[in-house]
Structure formats: structure tokens, C-alpha cells
Amino acid sequence: MLQMLLHSLSLLCSLTTTTPPQAPADSGGVIIVIPPVSNDTGIKQIPDAAHPWVAPGPGDQRGPCPGLNTLANHGYLPHNGIVSFEQIVTAVGEGFNMEHDLASALAGFAMLARGNAYLDLVSIGGESPLIPVLPDEIDGPNPPGGLAKHGRFEGDVSMTRQDAAIGDNVNFQDSLYDELLLYTGQFGDDSPVTGNRSIVTTKVMQEFKYARFLEDQVRNKVLEYHVGRLSLSYGEAAFVLNFFANGTTGTLSQQTMGSFLRNQTFPDNWFRKSSPGNLTFIASSATEILLAHPVAAGANNANGSYILDAPLPVCSAPYYNLAVQNLPASLNNATGILARNVITLVQAIAKPFGCPPVAPAGPVGV
């Protein structure tokens with residue numbers, strides 16, 4: 001572990017202390033630029049008249065993230081689901097009032113994990129002919145698989161998708177949502193507007209997420225729940241609970257949750273959060289959900305037994321696991337515009353964690 005850390009820190013020096021390589025303007029690459037912070041960060045009704053819901057067509061990409069799917073269905077993201085880093089940052093800020101640095105970190109990780117950072121394109125669904133192999137096959141000979149491709153970004157123990165090893169990890173699963181509704185009916189709060197046990201609470205998420213882990217640990221013999229994926233998994237529950245809640249009340253009704261998760265559309269009379277939600281906000285909620293039934297990072301071994309991971313002695317274990325151990329080390333061999341973009345995105349990922357940016361050190365072509 002020490003050797004890996006020292007190796008990564010040496011790569012960090014080359015990433016952060018040298019001038020980003022330049023490339024000719026006509027080389028075909030697209031230089032990624034982090035959008036400015038918006039001053040429009042208050043409560044607002046979403047969608048506006050310019051963003052009606054339009055069903056995805058046969059060639060449109062949709063994937064495992066209901067928030068991104070909803071934004072694409074309403075045109076806050078390109079309707080075909082092929083999006084740029086800048087478009088993601090702007091759309092999640094406008095639609096959900098996600099804080100700028102958190103949005104940039106998630107968009108940067110998505111781009112490096114399953115996109116083409118040379119062309120500044122990533123599919124919110126599966127593989128697309130619009131997104132070719134990276135230059136010099138730097139991440140292997142196959143085109144980026146999009147956010148629906150298992151591993152790196154997408155992973156096990158989702159709220160509404162099956163694990164890739166045991167079922168459909170891309171499309172909404174009614175059976176899992178019905179399970180979530182059962183927990184809402186048992187642990188939810190009452191509302192004079194939406195009915196008894198109709199308000200989704202932290203307690204609902206605490207019990208549901210733990211049940212999902214227990215189910216998948218038994219069913220999925222190759223389950224992987226390392227610290228990065230565990231953090232994203234509980235962050236998913238925190239995102240649903242907080243970013244899908246109506247900003248006028250701060251609560252999430254069963255009906256509103258269904259609009260996002262099942263129908264992938266903004267509900268009627270829905271308002272985004274009244275202030276930007278940052279990493280601390282989401283991490284605090286995710287931790288509260290996790291601590292009711294603590295689950296440690298780990299993975300199943302060949303016998304299906306869950307083996308805990310060794311601690312990572314780093315600035316932030318989730319950041320290190322996701323951005324260093326999961327992203328291919330071959331990205332450090334990039335040149336020109338691709339190298340420039342890798343630097344930009346690595347720095348964006350590290351910023352909200354308060355960590356120094358460390359170069360990717362994971363396997364290639366997975």
C-alpha cells in the first residue's frame with residue numbers, strides 16, 4: 001500500500017506542477033473548461049416552460065441514474081443522452097441546485113470513468129457510436145461503455161437496479177421499487193396532503209438500504225462494495241431523499257419519488273432546493289443512513305463470504321478508491337488535449353474532498 005501511495009504521489013507531481021500540454025486547435029479534441037459558478041442558486045420551480053417532458057426515442061441513451069435521465073427527458077441535458085462535462089455541471093445545478101464543486105467532481109469522475117475525455121463526451125446510458133475509442137486506445141480497444149457499463153462508476157447495491165451479475169443493472173426495476181414502497185409504508189411519515197405513511201424519511205432509507213445490502217450480499221456471489229462504491233450507494237439514497245424533495249416543504253413524498261424514479265420526470269408543482277447542496281450536505285445525510293446499520297467496505301470472496309477491506313490511510317478513502325484505484329493509470333500517458341483534460345478533471349474531482357489531486361493508478365480496459 002505504501003508503495004502504491006508513493007507511486008501515485010510521484011505521478012501527482014507530473015500532473016499538477018507541469019504546464020498542461022498544448023495541442024493544435026485543429027487536432028479534433030475539445031478542451032474541457034469548468035463552467036463558472038452560477039449566481040442563480042435559490043429556490044425555483046422546475047421545469048420551466050422551455051423544458052417540457054419528452055419521452056426518449058429509440059436511439060436515445062438512458063441509464064442507471066434517474067436524475068440524469070430526468071434532466072435529459074426535459075432537455076436540460078441533450079435529449080439523446082450524449083453529454084459533455086460542462087452540460088452535466090450546468091444541468092444538475094439548474095435542475096437540482098447541486099453545488100458547483102460537487103457537480104464538477106461527479107461529472108469529472110463520470111467523464112474519466114466511462115466517457116471520452118478527448119472529445120468531452122459521455123453517454124448517460126450505454127455504449128454509443130457517437131463516442132469512439134480514446135486516442136491511441138489509451139483505455140483499451142473498446143469504446144467507452146457509458147455510465148451503464150458495470151464498474152468504475154456504476155456498481156452493486158443500487159436502489160432501483162439489480163446488480164450486473166444477477167440481473168438488469170441499467171433499467172428501472174419495479175420489484176425493487178415495490179420493496180422501497182413497503183419500507184415507506186412501514187417507516188414513512190404521515191401527510192395531510194399526500195396521505196398516511198407517504199413521506200419518505202431517513203428511517204425509510206436506513207432500513208431499505210440495509211435490506212438491499214443483505215439481499216445482494218447473498219444473491220450476488222461476486223458482490224463488490226469497496227469504499228468508493230459504498231459511498232456512492234449511500235450517497236444515492238441521500239440524493240434521492242434530499243435533492244428529490246420538494247423545496248417548498250423540504251420533504252419527499254412517495255408520489256414525488258415515484259415521478260423521478262419510475263417515470264423519470266419532474267413532478268407537477270415541484271421546486272428545487274432553496275440552497276445549493278454540497279458534498280458535506282450529502283455526506284452527512286449518507287452517514288446518518290449508514291450508521292443505523294453500519295456496513296463496512298468489502299467484497300465477496302470465491303465462497304460468497306463478505307471480506308472487509310483494509311483501511312486506506314489517505315486524505316479521503318472514497319476519493320482515493322474512486323479517482324485513483326478505479327481510473328486507469330494509462331490516462332497518465334495521455335498527450336495534448338487529452339492530457340490537458342485529464343488534469344482539469346482530476347483536479348475537479350479532488351476539490352470538494354479537500355484532498356490534493358492524485359493521478360489515476362487503476363487497471364486499463366475494464
Side-chain angles (χ1 to χ4, degrees), residues 1-5 7-9 11 64-65 102 105-106 108-114 139 145 147-159 161-167 169 205 209-239 279 282-283 285-287 289-291 293-331 346 349-350 352-353 355 357-366:
M1 179 59 67
L2 178 60
Q3 288 181 333
M4 178 186 295
L5 180 58
H7 174 64
S8 297
L9 289 174
L11 290 173
C65 178
L102 175 58
L106 292 175
F109 179 57
M111 183 65 66
L112 288 179
R114 290 303 182 198
D139 191 20
L147 301 188
K149 185 172 182 178
H150 181 63
R152 294 188 186 172
F153 192 91
E154 185 278 335
D156 294 334
V157 196
S158 164
M159 290 176 59
R161 273 69 173 169
Q162 297 285 0
D163 292 359
I166 58 178
N169 68 313
M205 292 299 183
K209 283 298 296 182
Y210 185 57
R212 287 288 298 119
F213 168 74
L214 295 178
E215 292 163 3
D216 284 0
Q217 193 279 318
V218 172
R219 296 181 63 212
N220 182 2
K221 301 304 180 185
V222 292
L223 179 136
E224 293 188 353
Y225 215 37
H226 302 299
V227 64
R229 175 55 200 164
L230 184 149
S231 298
L232 286 180
S233 176
Y234 278 86
E236 171 192 20
F239 184 97
L279 179 62
I282 285 296
S285 178
T287 300
I289 295 169
L290 172 64
L291 288 182
H293 303 285
V295 174
N300 280 352
N301 64 12
N303 297 319
S305 298
Y306 191 70
I307 306 301
L308 301 185
D309 291 342
L312 289 173
V314 291
C315 170
S316 166
Y319 161 73
Y320 189 84
N321 179 235
L322 289 170
V324 181
Q325 295 179 321
N326 274 298
L327 296 181
S330 54
L331 289 173
V346 166
I349 297 169
F353 290 92
C355 295
V358 182
V364 63
V366 296

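Between V157 and L230, the closest side-chain pair of non-hydrogen atoms is not below 4.5 Å. Inter-residue side-chain proximity for R114 and E154 is flagged as unmet; no heavy-atom pair is nearer than 4.5 Å.
Looking at residues two or more places apart in sequence or on another chain, you find a ring-ring contact (aromatic ring centres under 6.0 Å, His included) between F353 and Y319. For L322, the side-chain contact (heavy atoms from CB on, under 4.5 Å) criterion is met by F109, L232, N326, not counting sequence neighbours. Considering only residues two or more places apart in sequence or on other chains, Q217 meets the side-chain contact (heavy atoms from CB on, under 4.5 Å) condition with F213, N300, Y306. Under the side-chain contact (heavy atoms from CB on, under 4.5 Å) criterion, A296 pairs with L308, not counting sequence neighbours. For D216, the salt bridge (charged side-chain N to carboxylate O under 4.0 Å, His left out) partners two or more places apart in sequence, or in a different chain, are R212. For R152, the salt bridge (charged side-chain N to carboxylate O under 4.0 Å, His left out) criterion is met by D139, not counting sequence neighbours. For K149, there are no side-chain hydrogen bond (donor to acceptor under 3.5 Å, both in side chains) partners two or more places apart in sequence or in a different chain. A search for side-chain hydrogen bond (donor to acceptor under 3.5 Å, both in side chains) contacts involving S330 returns nothing, not counting sequence neighbours. Under the ring-ring contact (aromatic ring centres under 6.0 Å, His included) criterion, Y210 pairs with H293, sequence neighbours left out. Among residues two or more places apart in sequence or in another chain, the side-chain contact (heavy atoms from CB on, under 4.5 Å) test is passed with D156 by H150, D163, N220, L223, E224. For Y234, there are no ring-ring contact (aromatic ring centres under 6.0 Å, His included) partners, not counting sequence neighbours. For N301, the side-chain hydrogen bond (donor to acceptor under 3.5 Å, both in side chains) test picks out no residue, with sequence neighbours left out.
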List the steps, then state whether side-chain contact (heavy atoms from CB on, under 4.5 Å) holds for I349 with L112.
CA-CA 10 Å; I349 297 169; L112 288 179; 4.0 Å; yes
Going through the checks in order, is the side-chain contact (heavy atoms from CB on, under 4.5 Å) test met by V314 and V358?
CA-CA 11 Å; V314 291; V358 182; over 6 Å; no
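Between S231 atom OG and L279 atom CG the span is 9.5 Å, to the nearest 0.5 Å. Atom-to-atom distance recorded for M205:CE and I289:CD1 is 6.5 Å, nearest 0.5 angstrom.
Of all the heavy atoms in A238 and S285, the pair that sits closest is CB-OG, 3.6 Å. Heavy atoms only, all atoms of each residue included: A105 and P352 are closest at CB-CG, 3.5 Å. Counting all heavy atoms, side chain and backbone alike, N169 lies closest to P64 at O-CB, 3.7 Å.
At least one donor-acceptor pair closer than 3.5 Å links the side chain of N321 to the backbone N or O of G228. Using a distance-only test at 3.5 Å, with no hydrogens or angles considered, a donor-acceptor pair links the side chain of K209 to the main chain of S233.
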